[in-house]
Protein chains: 2
Amino acid sequence: MNSSKESSQNPMSIEHHPADSDVNVSADGFQIAEDLGPGMEQGQPPTGSLARILPEATLARLTQYLRALNAMQARGAERTSSGVLAAEAGVNPAILRKDLSLLGSYGTRGVGYVVTELTEHISKAMGLMQHWRVAIIGAGNLGRALSGYGGFRSRGFEIVALLDSAPEVIGTAVGDLEVQDIADLDQILEATDANIAVLSVPGAAAQDLCDKLVGRGVRSILSFAPVVLQVPSGVNLRKVDLATELQILAYHAQNLGS
Amino acid sequence: MNSSKESSQNPMSIEHHPADSDVNVSADGFQIAEDLGPGMEQGQPPTGSLARILPEATLARLTQYLRALNAMQARGAERTSSGVLAAEAGVNPAILRKDLSLLGSYGTRGVGYVVTELTEHISKAMGLMQHWRVAIIGAGNLGRALSGYGGFRSRGFEIVALLDSAPEVIGTAVGDLEVQDIADLDQILEATDANIAVLSVPGAAAQDLCDKLVGRGVRSILSFAPVVLQVPSGVNLRKVDLATELQILAYHAQNLGS
DNA sequence: GTTTGTGAAACAGTTCACAGCC
DNA sequence: GGCTGTGAACTGTTTCACAAAC
């Protein structure tokens with residue numbers, strides 16, 4: 001049991017890539033450009049700075065813990081335990097403790113965790129204490145929806161620009177942003193100092209724009225384009241593909257559901 | 001590599017209430033309702049029917065292979081090899097061969113794979129040869145965008161209904177669909193015989209709607225609501241949460257990027 | 001008594017490397 | 001010679017179970 005109460009966020013929508021040609025298949029999956037570089041050794045010296053390397057699986061769960069903690073805070077809970085938090089996040093208590101122990105020892109044996117403290121430690125570990133400036137490339141349905149997505153703003157992610165190449169879209173207002181010309185990418189990135197880019201453009205245009213972004217110094221990109229993008233070492237790329245999700249669901253439906 | 005993930009809310013912000021904007025929220029990450037049920041044994045008898053159990057990670061990659069194969073077919077390639085296909089899909093050739101070998105032996109040593117054949121085998125294994133009827137619950141920005149997403153239609157997924165509860169939205173046209181009243185869920189599900197539901201509603205309404213859907217026999221649900229949903233055994237649930245993706249990106253940006 | 005933090009065990013997924021076949 | 005299919009090694013992840021701390 002548990003409930004979920006939580007606040008809601010804003011709407012957003014998905015876009016559709018007219019794409020050029022294809023039929024499209026899609027896929028998703030996710031992947032981090034894990035290239036530390038061809039020649040770099042991958043063992044991180046223990047000395048690192050403060051940043052500890054967190055397993056990918058742990059990162060995904062940490063975001064869930066944050067959400068659950070938020071819900072708890074919203075309903076006034078001050079403390080929680082691995083059992084309660086795990087149930088709310090839908091995971092096993094042991095893995096939750098192991099995940100948290102990777103961040104440090106912030107719990108009290110026999111008692112549990114203080115909600116606010118834990119929230120802060122996780123946020124800090126995940127880099128959410130800083131302000132991220134996001135540029136959305138592509139003002140199609142998805143781009144527009146994302147730009148109005150409250151969940152981003154309320155979380156340290158500020159949408160600083162919304163770009164497109166279509167003349168009929170440039171200059172139009174979307175929420176409190178005005179769609180700007182992608183031809184001015186350079187100046188816009190410089191003026192806004194965006195450090196994350198969201199690519200919501202047709203697959204055919206994605207690689208080219210991705211290259212431009214990387215060339216302008218953007219090192220973190222979240223792509224919705226249904227294509228595999230090549231990025232050089234040191235650039236973080238994540239992909240989200242809706243069609244993939246439906247396909248995987250179809251597989252399970254075929255096998256276990258009916 | 002996946003388990004479940006999902007997103008959280010903002011660490012530092014307090015929550016506000018859902019405004020009126022209807023539907024949706026988002027976030028991504030994904031998860032399979034791995035609940036085979038508290039009391040069910042999870043080991044699938046090897047006898048299964050035709051369906052072989054494919055690892056979750058393999059499923060995610062298969063969708064990528066399908067996409068790459070599609071692109072190849074579009075440009076006229078008749079044959080391919082694990083090396084080429086893997087490069088195009090962005091994976092290691094060995095894992096690609098291992099993935100494909102789980103479906104059967106459809107390649108020819110010294111030669112490679114026939115594009116059309118491989119496409120068909122993968123599609124069949126993933127359940128994409130049948131026609132899926134999808135009902136979208138929540139006609140907010142996300143719901144509307146999804147209903148127009150060409151990638152679904154072109155792949156065996158037909159959107160058969162778009163529902164909402166807001167009076168001002170019911171009856172309006174979205175593409176070639178008309179938004180219907182969620183109060184008529186029963187009749188609509190029966191009339192359309194939808195076998196997959198997409199939940200693009202606010203988090204607060206998600207669990208309730210999810211229960212209703214399950215009660216009406218829907219066994220496969222793709223949720224965009226930023227909450228952990230509880231579903232009974234035998235129901236497939238996948239979650240997509242955008243905020244999660246940005247948060248994970250922020251972590252990597254903080255550590256390796258800049 | 002309760003709950004954390006964590007080694008050790010179990011499990012899962014990926015890469016290597018090569019035998020077998022074309 | 002080239003490429004698939006796959007056992008074996010490896011790497012990563014989850015679960016178990018319990019000692020330490022309150």
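Lettering of chains follows the sequences in order, A, B, ..., and the numbering in each one begins at 1.
- Of all heavy-atom pairs between Val228(A) and Ala89(B), the closest is CG2-O, 3.7 Å.
- At its two ends the helix from dG1(C)-dC22(D) to dC22(C)-dG1(D) runs along axes set 0° apart, each axis drawn from five pairs and the angle rounded to 10°.
- The separation between Glu56(B) atom CD and dG12(D) atom C1' is 17 Å, rounded to whole Å.
- Among pairs with a residue in residues 106-127 of chain A, none fulfils salt bridge (charged side-chain N to carboxylate O under 4.0 Å, His left out), at least two apart in sequence or across chains.
- The one candidate from Thr119(A), Thr58(A), Asp99(A) that meets the side-chain hydrogen bond (donor to acceptor under 3.5 Å, both in side chains) condition with Tyr65(A) is Asp99(A).
- At distances below 3.5 Å, at least one donor-acceptor pair connects side-chain atoms of Gln207(B) with backbone N or O atoms of Gln230(B).
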Protein-nucleotides 5-7 of chain C N/O pairs closer than 3.5 Å?
from, atom 1, to, atom 2, distance (Å)
dG5(C), OP1, Tyr106(A), N, 3.4
dG5(C), OP1, Gly107(A), N, 3.0
dG5(C), OP2, Tyr113(A), OH, 2.8
dG5(C), O4', Arg109(A), NH2, 3.1
dG5(C), N7, Arg97(A), NE, 2.8
dG5(C), O6, Arg97(A), NH2, 2.9
dG7(C), N7, Lys98(A), NZ, 3.3
dG7(C), O6, Lys98(A), NZ, 3.0

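- We find that CG of Leu54(B) is positioned 16 Å from C1' of dT14(C), with the value rounded to whole Å.
- Arg79(B) has no side-chain polar atom (N or O) that falls below the 4.0 Å cut-off from OP1 or OP2 of dC3(D).
- Between Ser82(A) and dT3(C) there is no side-chain N or O to OP1 or OP2 distance below 4.0 Å.
- A close approach under 4.0 Å does occur between a side-chain nitrogen or oxygen of Asn92(A) and OP1 or OP2 of dT15(D).
- Straight-line distance from the CG atom of Leu96(B) to the P atom of dC3(D): 14 Å, rounded to whole Å.
- The distance from atom CG of Leu118(A) to atom C1' of dT4(C) is 12 Å, rounded to the nearest whole Å.
- Rounding to whole angstrom units, CD1 of residue Ile53(A) and P of dT11(D) are separated by 17 Å.
- Classification of the Phe157(A)-Phe152(A) ring pair by plane angle, with boundaries at 30° and 60°, yields perpendicular.
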| task | Check the pair Ile122(A) / Leu100(A) against side-chain contact (heavy atoms from CB on, under 4.5 Å), numbers first and verdict last. | result | CA-CA 8 Å; Ile122(A) 296 177; Leu100(A) 297 183; 4.0 Å; yes
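- If you take CD1 of Ile95(A) and P of dT14(D), they are 4 Å apart, rounded to a whole angstrom.
- Pro55(A) comes within 4.0 angstrom of sugar-phosphate atoms only, judged by non-hydrogen atoms across all strands, and of no base.
- In this structure, the side chain of Tyr113(A) does not engage the main chain of Leu85(A) through any donor-acceptor pair within 3.5 Å.
- Proximity of a side-chain donor or acceptor of Lys239(B) to a complementary backbone N or O of Pro226(B) within less than 3.5 Å is not detected.
- Side-chain N or O atoms of Ser81(B) include none that pairs as donor or acceptor with a backbone N or O of Val111(B) at under 3.5 Å.
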